[in-house]
Amino acid sequence: MVRVAGTVDEVAAPALATELAHVITTKLPRLVVDLRRVTALEPAGVDVLTEAGKLAVEHGGWLRTSGTAQWLVDLLRSSGHDHFPTLAEALPAYRPS
């Protein structure tokens, strides 16, 4: 799981892209991106999630996003992302700490 917070814009997007690619290619290509603390997700951030999702599939996995803010749910679902309101739904083995 990768946790993201704050604004994901064209300034922050490259760092997020690098981190997601690193996790997908060196650890596990089945990844949940926790967006509960994201306050804004600009098109550059949506593009990063789209590309990371493609990379995960290329490596035999998947990428899911999670977060309950309705604007985020609407944005990601309209963009074709596999979005889940809660971490428990996105990753059934998730146990809150």
Side-chain angles (χ1 to χ4, degrees):
M1 176 173 34
V2 172
R3 290 186 172 118
V4 183
T7 297
V8 182
D9 56 13
E10 60 188 41
V11 173
L16 178 59
T18 299
E19 179 64 20
L20 294 177
H22 174 74
V23 171
I24 290 166
T25 60
T26 65
K27 296 183 181 183
L28 189 63
R30 294 184 305 266
L31 179 63
V32 174
V33 181
D34 178 358
L35 302 172
R36 290 178 296 173
R37 294 186 177 108
V38 168
T39 55
L41 184 65
E42 294 186 2
V46 175
D47 292 345
V48 165
L49 294 172
T50 300
E51 292 305 312
K54 291 176 186 176
L55 182 63
V57 169
E58 289 172 11
H59 283 83
W62 43 258
L63 183 137
R64 297 174 179 171
T65 58
S66 179
T68 58
Q70 192 60 49
W71 66 268
L72 186 59
V73 173
D74 294 342
L75 172 64
L76 290 171
R77 285 194 176 150
S78 70
S79 300
H81 288 275
D82 203 8
H83 185 78
F84 296 81
T86 68
L87 289 174
E89 292 171 289
L91 189 61
Y94 173 74
R95 302 277 187 269
S97 52

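All of these numbers come straight from a predicted model, not from anything done at the bench. Residue indices begin at 1 and follow the sequence shown. Basis for what follows: all heavy atoms, side chains included, without hydrogens, waters or symmetry-related copies.
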Run the side-chain donor-acceptor check on residues 73-87: report pairs under 3.5 Å with partners two or more places apart or on a different chain.
from	atom 1	to	atom 2	distance (Å)
D74	OD1	Q70	NE2	2.7
R77	NH2	H83	O	3.3
S78	OG	D74	O	3.1
S78	OG	L75	O	2.9
S79	OG	L75	O	2.9
H81	NE2	T50	OG1	3.0
H83	ND1	T65	O	3.4
H83	ND1	T65	OG1	2.6
H83	NE2	G67	O	2.9
T86	OG1	E89	N	3.2
T86	OG1	E89	OE1	2.9

note = For A13 and G45 the tightest heavy-atom approach is CB-N, 4.4 Å
ask   = Where is the tightest heavy-atom contact between W62 and L91, given as atom of each residue plus distance?
value =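 Shortest heavy-atom contact: CH2-CD1, 4.0 Å.
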ask   = What about M1 and L55, same hydrophobic cluster or not, with Ile/Leu/Val/Met/Phe/Trp/Tyr joined at side-chain heavy-atom distances under 4.5 Å?
value = no
query = Name the one of V4, T7, V8 that satisfies side chain to side chain contact (heavy atoms under 4.5 Å, CB included) with L41?
reply = V8
task = Give the other cluster members for V57, using side-chain heavy-atom distances under 4.5 Å between Ile, Leu, Val, Met, Phe, Trp and Tyr residues; answer none if it is isolated.
result =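 Joined to V57, directly or through intermediates: none.
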Nonpolar side-chain network containing V11, other nodes, edges under 4.5 Å =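 Reading the cluster by chain and number, V11 sits alone, since nothing else belongs.
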Table please: side-chain donor-acceptor pairs of residues 14-32 below 3.5 Å, with sequence neighbours left out.
from	atom 1	to	atom 2	distance (Å)
T18	OG1	P14	O	3.0
T25	OG1	A21	O	2.7
T26	OG1	H22	O	2.5

message = Under the salt bridge (charged side-chain N to carboxylate O under 4.0 Å, His left out) definition, can you give me all pairs with a residue in residues 37-51, not counting sequence neighbours?
response = E51-K54
